[in-house]
**Student:** 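Dropping a structure here in structure tokens format, bear with me for questions.
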Amino acid sequence: MNNNLQTFLNLADAVIITDVEHRILAVNTSYETITGYTSEDIIGKKAGILRTPYTPKETHQAMKAALNAGSSWSGVFTNRKKNKDLWHSSITITPFIVEETAYFVGVFRELEQLERGFYLDDQRIGRIQKSLLKVLAISCEIRDPSIESHLSRVQNLTEQLVVRHNERNLLNLSVKALSLIAHSSILHDIGKSAIPEGILYKPGPLADYERKIIEMHTLIGVDIVIKIYAELDDELFESELSTAKNIILHHHERWDGTGYPHQLQGMDIPLEARIVSVVDVFDALTTKRPYKEKWSMELAIQYITEQKGKHFDADIVDSFLSLYEDGMITIE
């Protein structure tokens with residue numbers, strides 16, 4: 001290795017120097033201290049010796065693309081030390097050409113000392129949130145053996161619809177915002193866990209007072225999630241609370257203002273609630289329930305179309321219909 005690169009080894013941060021094949025040529029004392037690997041352990045080995053499956057593939061792909069183009073790259077890695085502990089770090093890798101030979105210099109900074117938990121990348125956070133919200137929703141509605149499939153269908157179709165609507169209408173919603181809506185949609189009917197079974201699964205028409213009780217599930221649901229989130233007191237779920245509340249409280253509002261519980265109208269209804277409203281009604285129509293038979297796909301699509309500008313946001317219905325036309329909507 002060229003002596004001109006030795007200066008980097010004097011940095012306080014962990015430093016690793018590799019050749020263009022990512023074979024380790026040198027590391028500094030900080031790198032040895034943090035990882036537990038001595039120079040003798042790893043010089044000559046590939047830099048991937050520390051790699052774990054917890055760093056998303058997309059991160060490695062972005063790194064390789066930048067370095068292959070001769071550019072510097074910065075990102076976050078979740079690696080593993082010699083003693084098998086996880087090591088979370090921010091790294092900047094810079095290519096250098098010295099006497100017509102290419103080298104890569106990586107400078108690491110630890111993100112934590114593992115005294116109060118550990119770093120999670122956005123992808124892992126998303127997976128954890130989705131799984132926990134699903135367990136929460138199913139647990140609260142365990143009386144109905146078919147509820148898991150309904151909730152999963154609503155969540156999956158909401159994910160498709162929110163992505164399509166974002167693209168068609170150039171809303172520029174972030175990936176995180178799209179995921180929040182999809183993940184939180186599974187909680188839409190959580191308040192029904194408090195509704196008596198005799199009313200919830202009653203065959204035939206409901207009496208006025210029974211319908212009023214059913215309509216209370218939106219308010220009950222919000223109260224449930226507020227109490228749960230208060231107990232969690234964890235910023236990992238902080239951003240979900242507002243989105244989940246909007247979906248639970250307002251997915252039965254109607255575009256023309258005749259819905260419940262607050263008779264909101266038009267754009268006053270939160271976007272996430274307007275999206276879940278279409279999905280929830282479609283799934284309800286195309287599923288057999290104690291009080292109704294299953295509708296065909298054609299009849300359900302016809303109803304959704306007829307309700308543009310009445311029950312539903314017309315733009316969202318158009319996005320939904322575009323999914324149908326592309327063959328992306330199916331029923332069991």
Side-chain angles (χ1 to χ4, degrees), residues 58 122-123 126-127 129-131 133-134 137-138 141 146-190 240 243-244 246-256 259 264-289 292-332:
E58 293 82 357
D122 287 343
Q123 191 176 52
R127 289 198 299 268
Q129 290 166 337
K130 183 177 182 178
S131 297
L133 291 177
K134 182 175 182 178
I138 294 171
E141 301 190 53
S146 67
I147 197 65
E148 181 175 356
S149 57
H150 165 67
L151 295 177
S152 294
R153 288 194 303 269
V154 168
Q155 188 177 53
N156 293 336
L157 188 49
T158 296
E159 184 172 13
Q160 290 180 281
L161 180 55
V162 72
V163 170
R164 176 61 61 89
H165 190 64
N166 184 49
E167 293 172 349
R168 288 186 67 256
N169 292 271
L170 305 178
L171 301 182
N172 295 317
L173 296 177
S174 67
V175 173
K176 182 176 181 180
L178 298 175
S179 296
L180 281 176
I181 296 173
H183 294 172
S184 300
S185 66
I186 203 167
L187 298 176
H188 68 284
D189 273 343
I190 194 171
E240 268 81 356
T243 302
N246 283 339
I247 290 173
I248 294 166
L249 188 60
H250 300 303
H251 70 285
H252 283 292
E253 302 285 2
R254 292 172 175 252
W255 185 258
D256 61 8
L264 297 185
Q265 186 173 4
M267 299 295 284
D268 288 340
I269 306 170
L271 173 65
E272 50 265 44
R274 284 180 271 139
I275 288 173
V276 173
S277 176
V278 174
V279 173
D280 186 40
V281 169
F282 174 79
D283 191 76
L285 292 175
T286 55
T287 305
K288 181 177 173 59
R289 299 286 176 86
K292 63 170 282 295
E293 292 299 318
K294 174 180 177 179
W295 285 30
S296 68
M297 171 79 82
E298 292 72 21
L299 281 177
I301 291 296
Q302 180 182 333
Y303 178 82
I304 296 293
T305 304
E306 291 172 348
Q307 292 299 312
K308 287 174 59 173
K310 300 174 185 177
H311 190 152
F312 308 120
D313 179 339
D315 286 337
I316 292 175
V317 170
D318 287 341
S319 296
F320 183 84
L321 294 177
S322 75
L323 290 175
Y324 171 68
E325 290 164 1
D326 289 346
M328 297 177 66
I329 298 178
T330 59
I331 60 175
E332 297 179 358

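Nothing here was measured: the structure is a model prediction, and the numbers come from that model. Heavy-atom basis, side chains included; hydrogens, waters and symmetry copies ignored.
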**Student:** Strictly distance-based, threshold 3.5 Å: is any side-chain N or O of Ser184 a donor or acceptor partner for the main-chain N or O of Ile181?
**Tutor:** no
**Student:** Minimum heavy-atom separation for His165 and Ser319, please, with both atom names.
**Tutor:** ND1-OG, 2.8 Å
**Student:** Which pair of heavy atoms, one from Ser277 and one from Phe312, lies closest together, and at what distance?
**Tutor:** OG-CE2, 3.5 Å
**Student:** Considering non-hydrogen atoms only, spot the tightest contact between Lys294 and Ile331 and give its length.
**Tutor:** CE-CD1, 4.1 Å
**Student:** Where is the tightest heavy-atom contact between Leu161 and Phe320, given as atom of each residue plus distance?
**Tutor:**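 That closest heavy-atom pairing would be CD1-N, 3.5 Å.
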**Student:** Roughly how far, to the nearest 0.5 Å, is CG of Leu285 from CG of Asp280?
**Tutor:**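 One gets 9.5 Å once the value is rounded to the nearest 0.5 Å.
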**Student:** Sub-3.5 Å donor-acceptor pair from the side chain of His183 to the main-chain atoms of Leu180, do we have one?
**Tutor:**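 No.
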**Student:** Counting only N and O atoms by type, is there a donor-acceptor contact under 3.5 Å from the side chain of Asn166 to the main-chain atoms of Asn172?
**Tutor:** yes
**Student:** What are the two closest non-hydrogen atoms of Leu187 and Ile248, and how far apart are they?
**Tutor:** O-CG1, 3.3 Å
**Student:** Between Gln155 and Glu159, is any side-chain donor less than 3.5 angstrom from a side-chain acceptor?
**Tutor:**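 No, because no side-chain N or O of Gln155 sits under 3.5 Å from a partner of the opposite role on Glu159.
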**Student:** Leu271 versus Asn246: any side-chain heavy-atom pair under 4.5 Å?
**Tutor:** no
**Student:** Before giving the answer on salt bridge (Lys or Arg N to Asp or Glu O under 4.0 Å), spell out for Asp326 and Arg164 the whole-Å C-alpha distance, their side-chain angles and the decisive distance to 0.1 Å.
**Tutor:** CA-CA 11 Å; Asp326 289 346; Arg164 176 61 61 89; 3.0 Å; yes
**Student:** Between OG of Ser296 and CD1 of Ile301, what distance do you get to the nearest 0.5 Å?
**Tutor:**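 Atom-to-atom, Ser296:OG and Ile301:CD1 are 9.5 Å apart.
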**Student:** Taking C-beta and beyond as the side chain, do Met297 and Phe282 meet within less than 4.5 Å on heavy atoms?
**Tutor:** yes
**Student:** Atom CG of Leu171 and atom CG of Asn169: how far apart are they, to the nearest 0.5 Å?
**Tutor:** 5.0 Å
**Student:** Give the intermediate values and the outcome of side-chain contact (heavy atoms from CB on, under 4.5 Å) for residues Gln307 and Trp255.
**Tutor:** CA-CA 9 Å; Gln307 292 299 312; Trp255 185 258; over 6 Å; no
**Student:** Compare every heavy atom of Asp256 with every heavy atom of Gly309, then report the nearest pair and how far apart it is.
**Tutor:** O-CB, 4.5 Å
**Student:** Can you tell me how far CD1 of Ile304 sits from CG of Asp318, rounded to the nearest 0.5 angstrom?
**Tutor:** 12.0 Å
**Student:** Is the shortest side-chain heavy-atom distance between Gln160 and Val279 below 4.5 Å?
**Tutor:**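 Heavy-atom side-chain distance check fails, nothing below 4.5 Å.
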**Student:** Side chains of His251 and Asp189, heavy atoms from C-beta outward: is any pair under 4.5 Å?
**Tutor:** yes
**Student:** Is there a salt bridge (Lys or Arg N to Asp or Glu O under 4.0 Å) between Asp315 and Arg274? Walk through the geometry before answering.
**Tutor:** CA-CA 10 Å; Asp315 286 337; Arg274 284 180 271 139; over 6 Å; no
**Student:** Only one of Ile275, Ile247, Val163 clears side chain to side chain contact (heavy atoms under 4.5 Å, CB included) with Thr158; which?
**Tutor:**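 For Thr158, the side chain to side chain contact (heavy atoms under 4.5 Å, CB included) test succeeds with only one of Ile275, Ile247, Val163, which is Ile275.
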**Student:** Could you measure the distance from the OG1 atom of Thr286 to the CD atom of Glu298? Nearest 0.5 Å is fine.
**Tutor:** 11.5 Å
**Student:** For His188, run the ring-ring contact (aromatic ring centres under 6.0 Å, His included) check against His250, His252, His150 and tell me which one passes.
**Tutor:** His150
**Student:** For Arg254, give me all partners under salt bridge (Lys or Arg N to Asp or Glu O under 4.0 Å), at least two apart in sequence or on another chain.
**Tutor:** none
**Student:** Supply the atom-to-atom distance Tyr324 OH to Ile329 CD1, rounded to the nearest 0.5 angstrom.
**Tutor:** 8.5 Å
